[in-house]
Amino acid sequence: MTSIESPLPEKAANFIRNIVTEDLKSGKHRLVVTRFPPEPNGYLHIGHAKSICLNFGLAGDFGGRCHLRFDDTNPAKEEIEYEDSIKENVSWLGFNWGEHLHYASDYFEELYRHAVALIEKGLAYVDSLSAEEIRGLRGTLNEPGQESPHRGRPVEENLELFRGMREGEFPDGAHVLRLKIDMASPNLNLRDPVIYRIKKVEHHRTGAVWCIYPMYDYAHCISDSIEGITHSICTLEFEDHRPLYDWVLDALQLPCHPQQIEFARLNLSYTVMSKRKLLELVQEKLVDGWDDPRMPTLVGLRRRGFTPASIRAFCETIGVGKSDSFIDMGILEDAVREDLNVRAPRAMAVLRPLKVVIEGYPAGETELFDAANHPADPAMGTRQVPFCDTVYIERDDFQEEPAKGFFRLAPGREVRLRYAYIVRCESVLKDADGEIVEIRCSYDPGSRGGSAPDGRKVKGTIHWVSARHAIEAEVRLYDRLFSTPNPGGKNEPDYRSSLNPKSIETLAGCRLEPSLEGAEGESRYQFERLGYFCLDSRDARPGQQVFNRTATLRDSWSEQKR
RNA sequence: UGGGGCGUCGCCAAGCGGUAAGGCAUCGGAUUUUGAUUCCGACAUUCCCAGGUUCGAUCCCUGGCGCCCCAGCCA
């Protein structure tokens, strides 16, 4: 297929995309309209990103539109702060809802009118049983439920009671409005579901105007219909609700009847995704807040250094299906590496400094070496890094007794200081405890810039930072939050017991090349040979930079050691 | 001993009657002043199992097996 025939970038096929394509081709729809319908009761996480990318992506690819609709039908749990965060997250991910910012609460009046219509049609009734009594009559998975004694209430009485509910004449729990469907249905959702309950709670948007609020199954389908949604995409657990979704729209004979389609939610290894667990981690201070860089929340991933593009790419590669999937965290990490490898400028930083004195190098002299900001992208330019007779190298890059296969610095061995000189280790200085405190090296003046004048091969190239010019900084090394693939899964009584004690390591006194002094905002770099790092925009201060490690580089050496 | 789903390579995932895409991982090999990147090459005679229909089945039928979801006045 040529690009002329398909102007849009070819995206992986999935069953939902196929349905949409077919519906457009058959003329069932001329425009695809989707929606992302979060409840503003928590922060968005990577699982939501999958849904956002699916809904906005579909609309975008087919020239349709995607609405952002807050499913705010339960004021007891919802807050405006969450709405703000959600809007910010969706924008950050790169999606735009345009004029279509909606709220289920905007439809409360219309929802109420439809409920009255249902009562008039004899399809809904006010039940005055307690929650416990209703549960008692619902039956079980194997036994049918029993009808409520109020099921036969006359229409006029239902109307009067429902009006009274709205007027606030009854306390919470006194009555509910139920659909009259089938108490013997094998689908529990169809056993006269409750669609309105009394909740004398102020709503963050409608204030005290209402004291009865519609339930999800009733409000969602009608909201979709009102907005002209064509494909109402949700997760698998709502599959059993689809008959109810369709029942309500059919009963009301609404002109727009969206098609509900369910897909498998995202499960990621080495983390947890449920709102409850995420909330507990924050409340019990097991993490440093919703935006802790170890959290799978969008604010957390952002602070960790993930780019919107990397998250979109991740969502694209994992695909969309109906089988319960478990994606390895490694896939997410690869997605950032892939994106950052192309766009992150390189820099040199020494995390665990080991002092190296270059013997024979003129004391007090400073040389400036040109270093490429990106080895494969000349357009990113170069910078100059200062060099003097004392530098810091990574402690890991020196081994007094080199292991087999180790080709960095060791006594008597040569290594290249990237962009500078080839040096040879001549001696090792230790303190009273036998701890190595300094290395002394000779250097080859002819290797200026790092190339061997005689063409001799120097296998190891290591990064370094001039002791005299380096800036000091704090660097936080993050690792997976949990040490088991499925925290809280079988054989694990509690997910908390699987927390990875090494998920954060804070390093003080790291030495960075001076060009990093001016880094600000969410600057991202590749610290050569170490990984990708992002300035912590919350904690960094002038003169005291703080970097978060987003991901390590792939490292076949450390893998080999394992 | 209810209902709804799902089962294709280690992890995702196309295909939906015509003889198993792709990505990630893995394993080789090349290039490399990042043990990175990039680059080549290898990687399911087989689609949960067993029967059946068919010239031909991962796709259709029958019967098993396994896993997930549902008994909120949550979404």
Side-chain angles (χ1 to χ4, degrees), chain A residues 12-15 18 37-39 41 71-74 76-78 104 127 129-132 134-136 138-145 172-178 184-191 193-199 212-213 215-217 219-220 234-243 262 264 269 275 316-328 330-331 334-335 337-338 341-342 346 348 371-372 374-376 405-408 416-420 422 447 449-452 458-463 526-531 552-560:
Chain A
N14 65 58
F15 77 102
N18 292 346
E39 180 187 16
N41 71 341
D71 230 333
D72 54 350
T73 58
N74 187 356
K77 293 186 173 180
E78 298 149 7
D127 198 349
L129 257 27
S130 68
E132 296 68 42
I134 288 180
R135 191 181 317 131
R138 184 142 34 220
T140 69
L141 295 180
N142 298 311
E143 307 153 24
D172 285 14
H175 306 285
V176 291
L177 185 68
R178 291 232 254 171
S185 172
N187 181 342
L188 293 288
N189 295 120
L190 263 21
R191 320 244 259 227
V194 171
I195 60 169
Y196 265 97
R197 73 292 215 188
I198 299 170
K199 249 186 212 294
I212 57 172
Y213 295 94
M215 301 269 296
Y216 169 84
D217 285 310
H220 201 88
C234 61
T235 44
L236 251 30
E237 66 271 27
F238 290 101
E239 214 147 17
D240 286 341
H241 295 241
R242 194 170 62 228
E262 311 84 9
S269 64
K275 274 182 182 173
E316 185 60 33
T317 98
I318 58 174
V320 178
K322 294 196 70 162
S323 51
D324 294 307
S325 60
F326 218 81
I327 307 294
D328 195 281
I331 305 287
D334 275 327
R337 288 195 188 100
E338 196 177 343
N341 174 47
V342 174
R346 315 283 124 131
M348 292 200 283
H374 192 118
F406 182 81
F407 54 74
R408 277 110 90 159
R416 171 168 34 241
L417 294 181
R418 176 151 237 227
Y419 299 124
I422 293 172
S447 65
S451 52
V458 176
K459 186 133 199 233
T461 297
I462 64 176
H463 60 279
Q526 181 199 94
F527 288 171
E528 295 206 43
R529 305 208 307 127
L530 297 173
T552 60
L553 248 33
R554 278 201 196 82
D555 184 355
S556 55
W557 166 242
S558 67
E559 277 165 22
Q560 181 186 325

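Predicted model, so just to flag it, every value in this text is computed and none were measured. These values consider heavy atoms only, across backbone and side chains, with no hydrogens, waters or symmetry-generated copies. Residue numbers begin at 1 in each chain, while the letters A, B, ... track the order of the sequences.
The phosphate of G72(B) (OP1 or OP2) has no side-chain N or O of Arg197(A) nearer than 4.0 angstrom. Considering only side-chain N and O atoms, Arg418(A) lies nowhere under 4.0 angstrom from the phosphate OP1 or OP2 of A36(B). Side-chain nitrogen and oxygen atoms of Arg416(A) include none within less than 4.0 Å of the OP1 or OP2 phosphate oxygen of U34(B). Listed pair Arg529(A) / G35(B) meets the phosphate criterion, a side-chain N or O lying under 4.0 Å from OP1 or OP2.
Toward the 5′ end of RNA chain B lies the nearest nucleotide of Arg554(A), the other residue of the pair Arg554(A) and Lys275(A) mapping further downstream. Sequence order on RNA chain B of the closest nucleotides to Asn341(A) and Val176(A) puts Asn341(A) first from the 5' end.
As judged by a 4.0 angstrom heavy-atom cut-off over every strand, His463(A) is placed among residues making no nucleic acid contact. Ser130(A) comes within 4.0 angstrom of a base, heavy atoms only. Using a 4.0 Å heavy-atom distance criterion, Arg337(A) is classed as making no nucleic acid contact. At a threshold of 4.0 angstrom between heavy atoms, the contacts of Lys199(A) are confined to the sugar-phosphate backbone, with no base atom among them. Residue Val194(A) is in sugar-phosphate contact alone, with no base atom involved, counting any heavy-atom pair closer than 4.0 Å across all strands shown. When heavy atoms are screened at a 4.0 angstrom cut-off, Leu129(A) is found touching base atoms of the nucleic acid. Pro375(A) comes within 4.0 angstrom of a nucleotide base, judged by non-hydrogen atoms across all strands. Among the protein residues, Gln526(A) comes within range of the nucleic acid bases, having at least one heavy atom under 4.0 Å from a base atom. Among the protein residues, Tyr213(A) comes within range of no part of the nucleic acid, since none of its heavy atoms lies under 4.0 Å from any strand. Among the atoms of the strands shown, none is found under 4.0 Å from any heavy atom of Ile462(A). Contact annotation for Gly531(A): no contact, since no heavy-atom pair falls under 4.0 Å across all strands. Met348(A) comes within contact range of no nucleotide atom at all, as no heavy-atom separation falls under 4.0 Å. Within 4.0 Å (heavy atoms only), Val458(A) reaches no atom of the nucleic acid at all. Within 4.0 Å (heavy atoms only), Asp334(A) reaches sugar-phosphate atoms of the nucleic acid but no base atom.
Between C60(B) and G17(B), the two C1' atoms lie 8 Å apart (nearest whole Å). When the P atom is compared between U53(B) and U19(B), the two are found 23 Å apart, to the nearest whole Å. For the C1' atoms, the distance linking G3(B) with C12(B) amounts to 29 Å, nearest Å. Comparing the P positions of C59(B) and G51(B) gives an interatomic distance of 14 Å, to the nearest angstrom. G64(B) and A14(B) have their C1' atoms separated by 28 Å, with the value rounded to a whole Å. Taking the C1' atoms as reference points, G7(B) lies 39 Å from A36(B), given to the whole Å. Here the separation of C73(B) from A25(B), taken at their P atoms, is 46 Å to the nearest Å. With P as the reference atom, A71(B) and C65(B) are 25 Å apart, rounded to whole Å.
Residues Ile331(A) and Thr317(A) have side chains in contact (heavy-atom distance under 4.5 Å, counting atoms from C-beta outward). Side-chain contact between Lys322(A) and Leu236(A): present, with at least one pair of heavy atoms (C-beta onward) separated by less than 4.5 Å.
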Under 3.5 Å, which protein N or O atoms sit close to an N or O of nucleotides 4-12 of chain B? Give each pair with its distance.
{"unit_1": "G4(B)", "atom_1": "O4'", "unit_2": "Asp240(A)", "atom_2": "OD1", "d": "3.4"}
{"unit_1": "G4(B)", "atom_1": "O2'", "unit_2": "Asp240(A)", "atom_2": "OD1", "d": "3.4"}
{"unit_1": "G5(B)", "atom_1": "O2'", "unit_2": "Glu239(A)", "atom_2": "OE1", "d": "3.3"}
{"unit_1": "C11(B)", "atom_1": "O3'", "unit_2": "Phe326(A)", "atom_2": "O", "d": "3.3"}
{"unit_1": "C11(B)", "atom_1": "O2'", "unit_2": "Phe326(A)", "atom_2": "O", "d": "2.9"}
{"unit_1": "C12(B)", "atom_1": "OP1", "unit_2": "Phe326(A)", "atom_2": "N", "d": "3.0"}
{"unit_1": "C12(B)", "atom_1": "O2'", "unit_2": "Ile318(A)", "atom_2": "O", "d": "2.4"}

Name the pairs: protein N/O against N/O of nucleotides 15-19 of chain B, kept only if under 3.5 Å.
{"unit_1": "G15(B)", "atom_1": "OP1", "unit_2": "Asn18(A)", "atom_2": "ND2", "d": "3.0"}

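For G72(B), there is no paired base (Watson-Crick or G-U wobble, both distances below 3.5 Å). The partner of U38(B) is A30(B), by the rule that a Watson-Crick or G-U pair needs both atom distances under 3.5 Å.
Between the side-chain ring of Trp557(A) and the base of G35(B), a stacking contact exists by the 5.5 Å and 30° definition.
Atom CZ in Arg408(A) sits roughly 11 Å away from atom P in A36(B) (whole-Å rounding). Atoms CD1 (Ile134(A)) and C1' (C74(B)) sit 15 Å apart, rounded to a whole Å. In this structure, the CE atom of Met215(A) is 9 Å from the C1' atom of A75(B), given to the nearest Å. Glu132(A) has its CD atom 11 Å from the C1' atom of G72(B), to the nearest Å. Distance NE2 (His220(A)) to P (A75(B)): 11 Å, rounded to an integer number of Å. For the pair Asp217(A) CG and C74(B) P, the interatomic distance rounds to 12 Å; values are reported in whole Å. Following rounding to the nearest Å, Tyr419(A) (OH) and U32(B) (P) show an atom-to-atom distance of 16 Å. In this structure, CG of Asn189(A) is placed 13 Å from C1' of C74(B), rounded to the nearest angstrom.
Counting all heavy atoms, side chain and backbone alike, Leu188(A) lies closest to Arg138(A) at CD1-CG, 4.4 Å. For the residue pair Leu190(A) and Ser185(A), the shortest heavy atom distance occurs at CB-OG, 3.5 Å. Closest non-hydrogen pair, Pro243(A) versus Asp240(A), comes out as CD-O, 3.4 Å. Taking each heavy atom of Asn18(A) and Ala13(A) in turn, the nearest pair found is OD1-CB, 4.2 Å. Annotation for Val320(A) and Asn14(A): closest pair O-CB, 3.6 Å, computed over non-hydrogen atoms.
Side-chain atoms of Asp217(A) never come within 3.5 Å of backbone atoms of His241(A) as a donor-acceptor pair (strictly under, hydrogens ignored). For the pair Arg416(A) (side chain) and Gly450(A) (backbone), a donor-acceptor distance under 3.5 Å is present. Side-chain N or O atoms of Thr235(A) include none that pairs as donor or acceptor with a backbone N or O of Glu237(A) at under 3.5 Å.
Test Leu177(A), Ile212(A), Val176(A) against Ile198(A) for side chain to side chain contact (heavy atoms under 4.5 Å, CB included) and you get one pass: Ile212(A).
For the residue pair His175(A)/Asp127(A), the side-chain donor-acceptor check at 3.5 Å is not satisfied.
Look at G72(B): its glycosidic torsion is within 90° of 0, and that puts it in the syn range.
With hydrogens and angles left out, the side chain of Arg346(A) and the base of U34(B) share a donor-acceptor pair within 3.5 Å.
In this structure, the nucleotide among C74(B), A71(B), G35(B) sitting nearest to the side chain of Arg138(A) is A71(B).
Ionic pairing of Asp334(A) and Arg554(A) is present here: one or more N-O contacts between side-chain nitrogen and carboxylate oxygen are shorter than 4.0 angstrom. A salt bridge links Glu262(A) and Arg242(A); the closest N-O separation between the charged side-chain nitrogens and carboxylate oxygens is under 4.0 Å.
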